[in-house]
Amino acid sequence: MSGARRGEKAGARPKPKGMKAAARNTPACPICDKPTVQEFRPFCSRRCANIDLNRWLAGRYAVPGERVSAGAAREQAPEDEGDKGR
């Protein structure tokens, strides 16, 4: 054997110390960068999922678009069928 350790393939890269194989292949939580858990995907825990939900509800996240005035929004909104008879 030239240069390879016993039980290793020649040319194989050594695994990083302290990193589990499963943690290497799972995406990171967008809140805390820990490995995700299938039950809470794409987050690592219920706590991170709730933090993200709170950010959406508080208006910290927004989908980009043009600003629309309140009057223009009412004009563009489709009428409900129940409101036609009023």
Side-chain angles (χ1 to χ4, degrees):
M1 293 180 99
S2 60
R5 291 184 183 170
R6 187 179 207 178
E8 291 182 359
K9 293 180 183 178
R13 297 166 72 191
K15 292 181 183 178
K17 293 181 180 178
M19 183 181 275
K20 296 180 181 177
R24 237 183 334 153
N25 295 329
T26 58
C29 173
I31 303 299
C32 69
D33 291 329
K34 291 180 183 177
T36 61
V37 174
Q38 184 64 32
E39 182 181 357
F40 303 108
R41 267 192 85 199
F43 306 103
C44 68
S45 65
R46 183 178 314 273
R47 178 183 175 272
C48 285
N50 286 338
I51 289 171
D52 185 71
L53 177 61
N54 185 46
R55 288 178 182 176
W56 277 104
L57 295 176
R60 289 181 57 191
Y61 296 146
V63 178
E66 296 179 25
R67 290 205 175 258
V68 179
S69 67
R74 280 189 223 111
E75 291 173 9
Q76 293 175 355
E79 291 183 30
D80 290 339
E81 291 185 26
D83 291 341
K84 286 183 180 179
R86 291 183 185 179

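- Smallest separation of non-hydrogen atoms from Ala28 and Asp33: CB-O, 3.8 Å.
- Shown here are the side chain to side chain contact (heavy atoms under 4.5 Å, CB included) partners of Leu53, two or more places apart in sequence or in another chain: Leu57.
- Qualifying side chain to side chain contact (heavy atoms under 4.5 Å, CB included) partners for Gln38, counting only residues two or more places apart in sequence or in other chains: Arg41.
- Counting only residues at least two apart or in different chains, ring-ring contact (aromatic ring centres under 6.0 Å, His included) contacts with residues 26-56 comprise Trp56-Tyr61.
- The two atoms that bring Pro35 and Cys44 nearest to each other are O-CB, 3.3 Å, heavy atoms only.
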